[in-house]
Amino acid sequence: MLPDCLVGCYAQYKEDTKVFTTWLGQAARACGYQVDAQKTAGTSAQTPGPSQRLKGKARKAAKKEAEQKATEAGHIDEVNVVKYAVTTEQLLLQADLVYNNKANIPMPLAIKASLERSIKIRRRCSEWFERNGSNIAETTKDGHLNFIKVLETILEKLSSQVNQPKAEGNRKTSAKSARAGNADVELQNRFSQLTVDYIDDSFELTATQVAITTTKKAKGQQPRSVDVFELEAKKEHDKVFAIFCLFEDLFRIKNHVQQTWIHHQSGKINLVAASIITHAAICAIRREEEYIYARFFPQEPKDNGFLRILAAISPAAASGPAEPGSSEGFEVVAPDKPDAFNFFPIHLTLLKFPLIPSREWPPLITPLSVSFLLKPHLRDLPGLKKGIQQDQILSQLLIAMMELDINKDRLPKDSRPCLGAPTQEDIFTSTMRPVWKEGNVSVASVVASQIILDILEINDYAPEFHGKLMDFRAYVDESLNFERLEDSTLIAGRLQWPRSSFELIPEIYETLGLIYQARPHGPRNYIPNEALTYENAHPIMLDSLEDDCEANGIELGSPEELSEKIRAQNLGFIEVASETNFVILQNPLYLGVLAFKLATLYEEAGIVAANAHLSVFTCAHVYNALRQLRGMSLKWPVMETVIEDQKRPIFADEIPTTLAAIINRLSLRRKDKKRAKFNCRPWSEAFRSLLADKDSPARALYLIEQYIKSIKSKTESIGEAAETAPETGEGPRKSTADRLLTDLKENVPLMLHEMSIDYVRLTKRCNRLIIEILRCCHADLEAHGLPGISNIDLLGPENKTLAVNFLGQFLETLRAANEVGNAGKPQGAHDKRKQTPSQEPEALNEYRYGPYLLAAHKVFEKFLAEEDIDFRVPSIMAGSPGTVIDETT
């Protein structure tokens, strides 16, 4: 599940409303209002941060200093938060008092934005109530409309004071405001300062921050206790509104996932990125369902969560549309589209599966078309035709998943899983398992099923995900070039692997085998189902048929007559999919898990190889020396990226630009080779954990969030940093799934692109580059009648000591060049007439830094001019990282 930092739009609405009511309550009390609201149960202690109105770098510095002082002291002062519940009548009184006060307190724009968001979502809910007419209790609708009118009245009244100067002749003129006393000015400043500071993103504003800002205190000090005001709400009214918000969130999440896979199909985003975003989306659905259940159904069982949540609105809500295409019945929320998406047919499909005995195989799954036995012409309607097709596909997928579970349960506990059986579980499988294991048809299982069906529909129900996976497998297999020695030892390519990789290499080899099994296997042999009759059809489908007949005044007929109609219409139980590997081929999330598992293992293998051979490390130093000292114009993009990503292990955080600095950094890392070790990207394991659905993905999302923040901070650093609200220790405003998925779609492709450097092939090429440099240097020395390099013909690219030996010789020549340069330099010359390599005589310039750098220059120039190798893993590279995705397409 997702951590508590992710909430639905209902929780966002509650916080928005609380932000406004807290500001209004504090402002009214400052204007003389006597608080007669009821204290709510429980108070909380929040940790404040810097509250002074600093800007830009000054604010960041103050925040860092406060954190440092708190760490050194071992504790942080806390603010006690006292909560009060207020009624709508009290809100109106407070608004009148603030409006009529001579201090003329303006409503901050950030507060206004929060209030407008609260009204907007309440208005959408009210419109939904009207569309569903008789399904909603009149008391609920009336209470909802009354609450909207109260908020709109307050907004209209206080909007005239949103930091706008009063024109002459108004109730309060500018001249009159100018004559206000010091107390009035203090009130204006205290309750309007949120306008300037926090308008850039009012989503980040919390009620506690508002309370801290508006509470009177000594200059530069935090208050010890603050009051937060929140609205009283009838639980039943609130429950209906919360369920509306839940379905609105579900629709938005579903739309996010649809757009993601449309972009995947068009090549804008790769399979792994789409899988990560979809996993996060289903995590968000599970999280929101848990929140609604914990808040409004704490004592209810979870055996049929979807139906129970619908029935909480009204009994009619759980019955579905009266007829395909009809406007009667329950309409699931889609505020921006007239043809609202309906999850109910998926729910009917899932209800056919709970607690099927494993001995009954293949299971007898009644098709949705039986519900229209007496109206067969309706099956040709486009919407119903699609529903019947999806009922069959989803049923076949669930049957295949059940079969895999049954086969696993029959294996001994200590047995090794057979090839083709998932060794990592994707979130779709774990979400669906309670349907047939526990009889629990949850909201998450219904929506996750629709998401999978949407993905398959986007790909014309014939996805080619396994083809992309096979291409990636072939790439890795060719790169590592696995071989079995006579003693059955497994080796990978012409590289020497350290002991730390003894488990890694076999795991990659096994993963390649699993991927090889994730391909079409062809038709299977199975026992055909028995004939479908009225007597053995599923009760869910028969109930639907009988209800429809009763509603339309159609005589049902005898069981024998109905069985004859079933036979005449050639209806039968849904058959097991003919493709043996259906369960894997039709589940893009599992294939995404498998692709990412191989990608992370291959990345780890590349890092291990790079650290064992040190050739990438060596070539990074040589490349930087060529760029800084010899002015080499040709660039090596992937090496530039490696240097930036691995700056700490290569250069101890600072890229050297002078000869002395280059010698210093190289010497520093040669003395302590442990610190010269490259690292995988920090989110590799986090993504793997998220995709595997094995642990709470809180850490994964934390690392993703940190990356997104770092990208945004780099962008903001170009201009003046935006000011944020005072810190409370409770963290920023909790994010919604909508905002999370938007951030993921923008940033996950970038993060995967940063992971895509192929260190295995890069290590091999750097090994060969070092040999080429040594051979070029050997030839140059012999051409000038000097002794060449001993044993040059015995050097091989698989030798782990190759780079280490080269680095020692390279460093010695640089030191010699530095000593010669310092000895021949007049005192003070470096202050006045400093020559650059390009200004020196050509012959002197050629050999100034020794023969190794000269040979490296020749080799690198030839290599960069003639070879165009990106050294990036193609499976992760697919798509267009950094491309802005147009959500309107």
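Index from 1, following the sequence. Scope of the values below: all heavy atoms of this structure, side chains included, with no hydrogens, waters or symmetry mates. Worth saying up front: this structure is predicted, and the values here are computed from it rather than measured.
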Problem set entry | Minimum heavy-atom distance F573-A531, with the two atoms named | CE1-O, 3.7 Å
Exercise. Under 3.5 Å, side chain of E579 to main-chain N/O of G522, donor-acceptor pair present?
Worked result: yes
Problem set entry | Side-chain heavy atoms of L556 within contact of E550, under 4.5 Å | no
Problem set entry | Expected output: side-chain D391 to main-chain T349 donor-acceptor under 3.5 Å | no
Exercise. Does a donor on one side chain and an acceptor on the other come within less than 3.5 Å for Q390 and Y461?
Worked result: yes
For this session: Give a yes or no on whether the backbone of T533 and the side-chain of S563 come within a donor-acceptor separation of less than 3.5 Å.
Result: no
Exercise. Is the number of heavy atoms from other residues, nucleotides or ligands under 6.0 Å of E555 CD greater than 12?
Worked result: no
Problem set entry | 4.5 Å side-chain heavy-atom contact, I574 and K352 | yes
Problem set entry | Validation row: N440, V435 side chains within 4.5 angstrom (heavy atoms) | no
Problem set entry | Under 3.5 Å: donor-acceptor pair, side chain of H279, backbone of L589 | no
Exercise. Can you name the closest pair of heavy atoms from L532 and I566 and give their distance?
Worked result: O-CG2, 3.5 Å
For this session: Just say parallel, tilted or perpendicular for the rings of F306 and F247, cut-offs at 30° and 60°.
Result: perpendicular
Problem set entry | Heavy-atom pair of closest approach, residues V441 and N304 | O-OD1, 3.3 Å
Exercise. CZ/F241 to CZ/R124 distance, rounded to the nearest 0.5 angstrom?
Worked result: 8.5 Å
Exercise. Can a donor-acceptor pair be found between the side chains of D16 and S118 at a distance below 3.5 Å?
Worked result: no
Exercise. Looking at R433 and E438, does any basic side-chain N land under 4.0 Å from a carboxylate oxygen?
Worked result: no
Exercise. Would a distance-only check, ignoring hydrogens and angles, find a side-chain to backbone donor-acceptor pair under 3.5 Å from R122 to F147?
Worked result: no
Exercise. Between P463 and Q586, which heavy-atom pair has the shortest distance, and what is it?
Worked result: CD-OE1, 3.6 Å
Seminar exercise, completed: To the nearest 0.5 Å, atom CG of D547 lies from atom CG of D543 at 6.0 Å
Exercise. Ignoring hydrogens and geometry, is there a side-chain-to-backbone donor-acceptor pair from S449 to S445 under 3.5 Å?
Worked result: yes
Exercise. Between D454 and K254, is a salt bridge (charged side-chain N to carboxylate O under 4.0 Å, His left out) present by the stated rule, with each step listed?
Worked result: CA-CA 9 Å; D454 287 344; K254 173 183 171 294; 3.4 Å; yes
Exercise. Using the benzene-type ring in the case of Trp, are the ring centres of F244 and Y10 under 6.0 Å apart?
Worked result: no
For this session: Provide the closest heavy-atom pair for I269 versus T260 in the form atom of the first, atom of the second, distance.
Result: CG2-O, 3.4 Å
Exercise. Once you round to the nearest 0.5 Å, how far does CD1 of I540 lie from CG of L368?
Worked result: 12.0 Å
Exercise. Just by distance, do the side chain of Q265 and the backbone of I262 share a donor-acceptor pair under 3.5 Å?
Worked result: no
For this session: Find out whether Q450 and L394 are in side-chain contact, i.e. whether some heavy atom of one side chain is under 4.5 Å from a heavy atom of the other.
Result: no
Exercise. If you measure from the Lys or Arg side-chain nitrogens to the Asp or Glu carboxylate oxygens, is any gap between K14 and E230 under 4.0 Å?
Worked result: no
For this session: For E560, check salt bridge (charged side-chain N to carboxylate O under 4.0 Å, His left out) against everything at least two apart and list the hits.
Result: none
Exercise. When rounded to the nearest 0.5 angstrom, what distance separates CD1 in I285 from CD1 in I451?
Worked result: 4.0 Å
For this session: Using a strict 4.0 Å threshold on nitrogen-to-oxygen distance, state whether R252 and E248 make a salt bridge.
Result: yes
Exercise. How about R286 and T431: does a side-chain donor come under 3.5 Å of a side-chain acceptor?
Worked result: yes
For this session: Indicate yes or no for a side-chain donor-acceptor contact from D426 to the backbone of F428 under 3.5 Å, with no hydrogens or angles considered.
Result: yes
For this session: Take D238 and R295 through the test side-chain contact (heavy atoms from CB on, under 4.5 Å) and record every step on the way to the result.
Result: CA-CA 10 Å; D238 220 25; R295 187 174 179 88; 4.2 Å; yes
Exercise. Looking just at side-chain N and O atoms, do E530 and N536 make a donor-acceptor pair shorter than 3.5 Å?
Worked result: yes
Problem set entry | Test of ring centre spacing under 6.0 Å for H264 and F465 | yes
For this session: Hey, could you give me the CD/OG distance between E564 and S558, rounded to the nearest 0.5 Å?
Result: 10.5 Å
Problem set entry | Nearest-0.5 Å distance, NZ of residue K239 to CG of residue L246 | 13.5 Å
Exercise. Between E289 (side chain) and A444 (backbone), is there a donor-acceptor pair under 3.5 Å?
Worked result: yes
For this session: May I have the step-by-step check of side-chain hydrogen bond (donor to acceptor under 3.5 Å, both in side chains) for Q569 and R379, ending in yes or no?
Result: CA-CA 12 Å; Q569 295 178 23; R379 298 181 195 137; 2.5 Å; yes
Problem set entry | Side-chain (N581) to main-chain (Q517) donor-acceptor, under 3.5 angstrom | yes
